[in-house]
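Counting convention: from 1, in listed order, for ligands and their atoms alike.
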Amino acid sequence: KDDDYQTPDQIAETDSESLTNDEDDGLAPALPRDLAHVSLQFEKIPVDQAVKKSEEFYTLMNKRRTVRHFSTQPVPREIIHNIIKTAGTAPSGAHTEPWTFVAVSSPEVKHQIRQIIEDEEEINYKKRMGKVWTTDLKPLKTNWIKEYLTDAPYLIIVFKQVYSFKEDGTKKLHYYNEQSVSLACGILLAAVHYAGLVSLTSTPLNCGPALRNLLGRPVSEKLTLLLPVGYPAEDCLVPDLRRKPLDDILVEV
Ligand code: IYR
């Protein structure tokens, strides 16, 4: 029952401890009612420069690869903090910022995470995923043994907050939390790559509640992404994949 969809009104109805604000039928916006609107900070760049910058950014991002073999070389905490601050710049529904990033560097906790994931993934590969899925994965040489979970200096685990609580104890609804967190994850991947680090986008099947409990996160948060982050192993191989050309991904109307 981890991913049951509830409408915003259904979420607001359940568990709200009090609706005690007498003015406005107990309804008050989550953001300040008198929120100021200020001038946009925007620097216009010349078109030729913009073309060049867009090309350069594509060239950089096109070098990003998913890596499954990590070095144990440590990564400065400051880089992780900057990367997570960058991910936190993502847009979100009604500016609810519905994300929690857990950065794990503790070797003991990484071992516990690895144990939880390998135990589930063995069942996933052998029973749950089925023949078609495991056959599709064969060229990528993945399996349920995941050394990267203990080798990588950091595991960044992203939780999506389906809702949270306001200071008065009422529920704060997190509109479009799925899309908001997906956008933050994309920016997170770009920030990791820009900082010269590598990552692996992993979404451990059936591990959500166990990892949430291990990391002490509330039931309002769902596991979205687990990202080992660090440097690639010296002998790191990646599959020789090609990306679709523009013609295959762009429809111009
Ligand atoms: N989650 C499993 C299986 C897996 C699934 C897909 I789709 C991939 O692109 C890669 C792996 C694992 O991490 O091994």
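Residue Tyr125 places its OH atom among more than 12 non-hydrogen atoms of other residues, nucleotides or ligands, all under 6.0 Å distant. The number of heavy-atom neighbours closer than 6.0 Å to CD of Glu78, taken from other residues, nucleotides and ligands shown, is 12 or below.
Every atom of ligand 1 is numbered from 1 in the order shown, and the set under 4.0 Å from a heavy atom of Lys146 is 12 (C), 13 (O), 14 (O). Interface of Arg68 with ligand 1, defined as ligand atoms under 4.0 Å from a residue heavy atom, comprises 10 (C). Set against the non-hydrogen atoms of Met129, the atoms of ligand 1 under 4.0 Å away are 3 (C).
With Asn124 as the partner, the side chain to side chain donor-acceptor pair (under 3.5 Å) test is satisfied by one option alone out of Lys127, Arg128, Lys126: Arg128.
Ranking the protein heavy atoms by distance from atom 3 (C) of ligand 1 puts Tyr125 OH, 3.3 Å first. Looking at atom 2 (C) of ligand 1, its nearest protein heavy atom turns out to be Glu121 OE2, 2.8 Å. For atom 7 (I) of ligand 1, the nearest protein heavy atom (residue, atom name, distance) is Trp133 NE1, 3.6 Å. The protein heavy atom nearest to atom 6 (C) of ligand 1 is Leu137 CD2, 3.5 Å.
Heavy-atom separations between Asn143 and ligand 1 include at least one value shorter than 4.0 Å. Not a single heavy atom of Trp144 sits less than 4.0 Å from an atom of ligand 1.
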Exercise. Do Ser164 and His174 pass the side chain to side chain donor-acceptor pair (under 3.5 Å) test, and can you show the C-alpha distance, the side-chain angles, and the key distance before you say yes or no?
Worked result: CA-CA 7 Å; Ser164 66; His174 290 181; 3.0 Å; yes

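A salt bridge is absent between Glu221 and Arg212; no separation between the charged side-chain nitrogens and carboxylate oxygens falls under 4.0 Å.
Under a 3.5 Å cut-off, the side chain of Lys172 and the backbone N or O of Gly169 do not form any donor-acceptor pair.
Taking the six-membered ring where tryptophan is involved, the planes of Phe165 and Tyr163 are perpendicular, since the angle between them exceeds 60° and thus also 30°.
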